[in-house]
Amino acid sequence: MSVTKFYIDQEIFITGGSGKALIEKIMRSFPEFSKIYVLLRSKMNKSADERLQILLQDPVFERVRREQPQNFQKIFAIAGDCKELGLGISPDDRKRIENVTMIFHSAASVRFDDNFKDAILLNTRGAFELIKIAECLKKLKAFIHISTTYSNPDRQVVEEKIYPPLADWRTTIKLAEHYDTKMLNILFAKYSSYQPNTYTFTKHLAEHIVNDHRHKIPILLYRPSIVVSSIFEPVPGWIDNFNGPIGLLVACGLGILRTSHANPNVRADIVPVDVCVQGLILAGYKLGNLTEATREDQLLQVVNCSNALIRTFCFGKIIELGRTIIRKNPLEKCMWLPSGSITDNVIWHYVRFITGQLSLALIGDCLILLARRKPILLKLQRRIFMSCQALYKFYTTQWLFLNENFLALKNLIPPEDLPKLGLFQNVDIDDETFYINGIRVKIDKRILSDIGFIGKALIEKIMRSFPQFSKIYVLMRSKAGRTADQRLQILLENPIFNRAQEEQPESFQKIFAIAGDCKELGLGISPDDRKRIENVTMIFHSAASVRFDDNFKDAILLNTRGAFELIKIAECLKKLKAFIHISTTYSNPDRQVVEEKIYPPLADWRTTIKLAEHYDTKMLNILFAKYSSYQPNTYTFTKHLAEQIVNDSRDKIPILLYRPSMVTSSLCEPVPGWLDNFNGPIGLLVACGAGVMMTNYANPNIKADVVAIDVTVQGLLLAGYKIGNRFGPMTLDKPLDVLHCSRGNVKPITFGELAEAAKRLVRQNPFEKFVWVPCGSVTTNPILHYARLIIGQWSLALLIDSFLFLARRKPMLLKNQRRIAMASKALHTFFTTQWLFSNDKFLELERLIPSEDLDKLRLFRYMKADLDTLLWRGIAGCKQFLLREPQNATQSARLRLKFFFLMHYLLQFAGTVFTGRFMYFLYKKLYSAA
């Protein structure tokens with residue numbers, strides 16, 4: 001029987017409003033249940049029915065309201081109170097629930113500082129009273145009692161079993177019924193054998209009530225560990241309280257918690273609420289399908305819903321991760337910079353607490369008092385202090401919760417129920433995912449056009465140098481209200497095709513658009529277009545998003561699944577001679593020496609594609625870092641996975657993997673300096689030349705592997721020629737052909753040399769629209785870098801934006817500084833890591849060039865071009881193709897540069913004089929005092 005069928009017509013009784021997530025999941029995923037009764041007490045002059053209506057208005061039910069709105073008619077309130085005898089349920093309501101088949105008992109007080117009397121009556125006697133009611137329910141199939149993995153805190157390894165009692169539960173209930181609150185609070189420490197708090201002790205006693213009744217009713221003990229916000233369901237990040245690590249993160253994010261006395265190396269056992277709920281549903285399914293009653297000599301079924309054996313991480317890492325995430329996506333009402341930290345040094349903790357928390361709270365309350373409002377910060381600090389004291393035991397003790405029974409639940413899931421209980425199959429979610437959804441990071445979403453930098457240059461080269469080709473089909477998607485054909489015509493009007501228009505105008509009649517999208521299944525190509533391309537003999541696959549900050553989902557669909565869909569199409573092309581897949585030399589960034597071969601995969605490409613097809617953008621962004629083994633960005637990781645697809649298809653089609661390094665402006669063809677984007681070193685050169693970038697945090701000694709676009713394209717054509725002339729089919733026992741289009745070992749240049757040469761050449765041929773002297777530099781010293789950044793870049797941007805604002809024009813430089821900062825951050829790994837890309841197979845392509853084609857394929861002469869030639873032509877290309885300026889600077893630009901140089905040196909002189917006078921002033925003051 002499937003889980004869905006099992007829950008058909010079940011009448012379910014749930015105690016406690018804390019079962020919101022469970023109620024929502026049953027309503028949405030198992031909508032054919034009969035009824036759900038929720039035990040609620042009257043509170044704040046609101047009846048149980050009124051409180052139920054308020055409960056059902058909670059945002060957690062928004063999704064079910066859209067998908068299963070009829071189920072709200074099957075939810076009923078039962079007035080009662082777990083602290084009362086018989087749960088305070090009236091005879092009429094007892095009659096209403098007499099056909100209940102399942103009970104989930106989640107009602108409890110989770111406060112660690114509760115009075116001992118209240119905790120006994122609610123957590124211990126409440127369980128006993130509910131079990132007595134359950135014994136009268138003739139149709140009962142399953143009773144799930146929800147406890148906690150911390151119910152035996154004196155044991156550091158907690159198995160899925162019942163441990164000996166610390167006290168007799170019957171005697172304890174009688175004590176609560178006969179003695180007052182103060183007396184019981186005094187007795188607690190000694191009576192409980194010095195348990196850390198009333199919560200864990202009373203839950204421990206409740207477990208023994210459950211154990212003693214295991215032969216009377218079908219009952220199971222379910223122990224969750226620390227339950228935090230949801231991963232996926234009903235919405236990512238849902239939570240309704242500040243308990244556990246989320247409370248610490250919020251306090252840290254608000255700037256009111258700056259220290260915690262704890263052991264940063266203690267591993268936290270944290271489970272998302274949707275994993276916990278799916279486990280509960282499966283536990284009920286398991287128990288309800290038992291054919292025999294539990295005998296008195298059989299052990300109670302215990303399930304530890306824990307995560308420590310699957311994914312372990314420590315409290316110190318939680319705080320560091322939370323601080324990083326919150327700084328990226330700060331809370332709206334933060335009072336101070338999020339800078340919480342954990343220490344087990346008690347002196348250092350109290351120093352931080354007094355200077356960092358109490359003093360700030362005191363100042364804040366004084367300002368609030370002066371504003372004639374109610375001071376609250378010192379009161380909050382008292383609550384935080386008391387909470388930290390209550391949690392100290394849990395922050396400094398290492399527990400291990402064994403969970404074999406919990407993990408075994410996934411074996412019960414029938415295939416048809418996997419879409420509803422699939423999260424349970426993927427319980428090993430990385431630690432970052434636990435928190436980032438709760439804070440809900442928002443990431444930009446943009447996709448580059450279908451025909452990229454390499455694609456344009458490749459089409460132009462074939463049209464101009466090899467005009468006897470039959471046809472070229474270009475895959476293009478409709479965009480901005482234009483069809484693929486219209487976009488192709490716009491593409492062919494690009495200045496790159498001017499030379500081809502002059503030399504081979506007839507070639508333009510042989511270029512055709514194929515409407516499609518690499519992000520779609522089958523590339524979105526229509527059956528008619530599939531028929532048009534059935535005689536294709538060569539494929540160059542260059543479509544990709546090269547943005548380093550792309551969403552993980554979009555990057556998978558375009559860079560990884562797009563390659564797979566194209567290969568599936570290629571397998572149907574009977575005349576195919578060559579498939580060239582264009583990747584990048586940075587597809588294996590964890591290896592500093594990259595050879596021309598395939599490396600072991602970092603993840604399974606099939607699984608990754610399925611993730612992108614089934615999960616949303618935000619969730620995949622959260623998963624990215626851990627799933628990708630901490631790759632620097634989505635681009636390199638998804639290109640790495642695409643390479644694995646190519647490798648797995650090497651025996652099916654004639655395929656070759658082509659890895660260019662950093663592709664920059666052309667050296668000679670079609671015109672010197674051509675480029676169509678600001679990616680790579682050219683973007684930094686333009687920012688430096690415009691005077692808006694004066695520093696870059698990078699290693700000046702790192703060798704940059706930069707290759708011109710015309711070298712890349714000529715290598716592609718030779719690669720197609722090589723693979724098309726291969727004799728005999730490829731087999732899986734032969735390695736894939738891999739070529740590195742790189743020149744780092746032919747003409748090495750460092751980032752420092754690149755920056756100095758660019759600065760020198762831009763001063764010789766300045767841009768028309770610069771705001772200051774080109775004076776960028778590269779440094780590995782963070783202090784020097786940030787000093788230059790603040791003094792040289794940000795202050796100048798703020799000053800100019802202020803003038804623009806006063807002139808009633810739109811400020812833009814601070815916005816540009818943000819973009820530069822984001823770009824520099826994305827490129828940091830590439831500016832500080834030294835890679836060596838071996839390219840022996842690529843250099844061997846030179847031997848394939850027939851003598852009659854040497855004038856068309858001069859790439860190996862281009863490979864040896866010096867840095868000044870490459871940059872000089874790149875600057876001219878930037879001015880012409882990107883900035884729409886004359887290739888050579890005008891006289892007015894040169895005069896403005898001289899003026900800015902004069903101002904630059906005057907400011908430096910004034911700054912030096914001011915610093916000298918200030919130091920002399922300090923010296924005199926100190927000397928006179930002595």
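This is a predicted model, so every value here is computed, not measured.
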*Is there a donor-acceptor contact under 3.5 Å from the side chain of Glu885 to the main chain of Glu768?*
yes

*Heavy-atom donor-acceptor pair, Asp710 side chain to Glu669 backbone, under 3.5 Å*: yes

*Donor-acceptor contact present, side-chain Asn494 to main-chain Phe497, <3.5 Å*: no

*Does the side chain of His785 come under 3.5 Å of the side chain of Thr695 through a donor N or O and an acceptor N or O?*
yes

*Output the distance between atom CD1 (Ile723) and atom CG (Leu657), rounded to the nearest 0.5 Å.*
10.5 Å

_Side-chain donor/acceptor of Asn725 to backbone N/O of Tyr721, under 3.5 Å_ = yes

*asked:* Looking at Lys577, I'd like to know if its NZ atom is crowded, meaning that more than 12 non-hydrogen atoms belonging to other residues, nucleotides or ligands lie closer than 6.0 Å.
replied: no

*Sub-3.5 Å donor-acceptor pair from the side chain of Arg487 to the main-chain atoms of Ser478, do we have one?*
no

*Do the side chains of Asp705 and Thr585 get nearer than 4.5 Å, heavy atoms only?*
no

*Flag side-chain contact, heavy atom, 4.5 Å: Val707 against Ser742*: no

*asked:* Salt bridge check, Glu534 against Lys531: does any charged N sit closer than 4.0 Å to a carboxylate O?
replied: no

*Indicate yes or no for a side-chain donor-acceptor contact from Ser545 to the backbone of Ala555 under 3.5 Å, with no hydrogens or angles considered.*
no

*Do Tyr599 and Ser587 have side-chain atoms, one donor and one acceptor, less than 3.5 Å apart?*
no

*Can you spot which of Tyr635, Trp835, Phe751 makes a ring-ring contact (aromatic ring centres under 6.0 Å, His included) with Phe830?*
Trp835

*Nearest-0.5 Å distance that lies between atom CG in Asn888 and atom CD in Gln880*: 10.5 Å

*Within 45° of the six-membered ring axis of Phe469 and under 6.0 Å from that ring's centre, is NZ or CZ of Lys510 located there?*
yes

*Roughly how far apart are Ile709 CD1 and Cys668 SG, rounded to 0.5 Å?*
13.5 Å

*Carefully, step by step, assess Glu520 and Arg477 under the rule salt bridge (Lys or Arg N to Asp or Glu O under 4.0 Å).*
CA-CA 10 Å; Glu520 301 296 328; Arg477 61 193 173 100; over 6 Å; no

*Kindly check if the number of other-residue, nucleotide or ligand heavy atoms within 6.0 Å of CD (Gln592) is above 12?*
no

*Could you tell me which non-hydrogen atom of Asp529 sits nearest to which non-hydrogen atom of Ala515, and how far apart they are?*
OD2-N, 3.7 Å

*Euclidean distance, Tyr697 OH relative to Asn781 CG, rounded to 0.5 Å*: 8.0 Å

*Locate the shortest heavy-atom distance separating Ala757 from Leu871; write the atom from each residue and the value.*
CB-CD1, 3.7 Å

*Any salt bridge between Glu643 and Arg659, counting N to O under 4.0 Å?*
yes

*asked:* Is it the case that over 12 heavy atoms from other parts of the model lie below 6.0 angstrom from the CD atom of Gln468?
replied: no

*Run the salt bridge (Lys or Arg N to Asp or Glu O under 4.0 Å) check on Arg760 and Asp868 step by step: do they pass?*
CA-CA 10 Å; Arg760 173 168 45 82; Asp868 277 17; 3.2 Å; yes

*Would you find a donor on one side and an acceptor on the other, under 3.5 Å apart, between the side chain of Arg873 and the backbone of Ser666?*
no

*Would you confirm whether Asn765, through its side chain, and Gln887, through its main-chain N or O, come within 3.5 Å as a donor-acceptor pair?*
yes

*What is the distance from atom CG of Leu845 to atom NZ of Lys722, rounded to the nearest 0.5 Å?*
6.0 Å

*Under the criterion side chain to side chain contact (heavy atoms under 4.5 Å, CB included), which of Arg650, Gln644, His640 is the partner of Ile598?*
Gln644

*Return the orientation label for the Phe552 and Phe637 ring planes: parallel under 30°, perpendicular over 60°, tilted otherwise.*
tilted

*asked:* Does the plane of the ring in Tyr586 sit parallel, tilted or perpendicular to the ring in Phe837? Use 30° and 60° as the thresholds.
replied: perpendicular

*Kindly give the heavy-atom pair with the smallest separation between Ala484 and Met476, and that separation in Å.*
CB-O, 3.6 Å

_Are there over 12 heavy-atom neighbours, none belonging to Arg482, within less than 6.0 Å of that residue's CZ?_
no

_Applying side-chain contact (heavy atoms from CB on, under 4.5 Å) to Ile539 and Leu573, what does each step give before you reach the verdict?_
CA-CA 10 Å; Ile539 294 175; Leu573 303 176; 3.8 Å; yes

*Has the side chain of Asn839 got a donor or acceptor atom that lies under 3.5 Å from a matching backbone atom of Cys741?*
no

_Ala708 versus Val663, closest heavy-atom pair with distance_ = C-CG1, 4.4 Å

*Between Lys879 (side chain) and Pro766 (backbone), is there a donor-acceptor pair under 3.5 Å?*
yes

*Identify the heavy atoms of Ala513 and Arg532 that sit nearest to each other, and give their distance.*
O-NH1, 3.5 Å

*Does the salt bridge (Lys or Arg N to Asp or Glu O under 4.0 Å) test come out yes or no for Glu844 and Lys841, once each step is laid out?*
CA-CA 5 Å; Glu844 287 175 3; Lys841 295 178 185 178; over 6 Å; no

_Distance in Å, Arg743 CZ paired with Met662 CE, rounded so as to fall on 0.5 Å steps_ = 11.0 Å

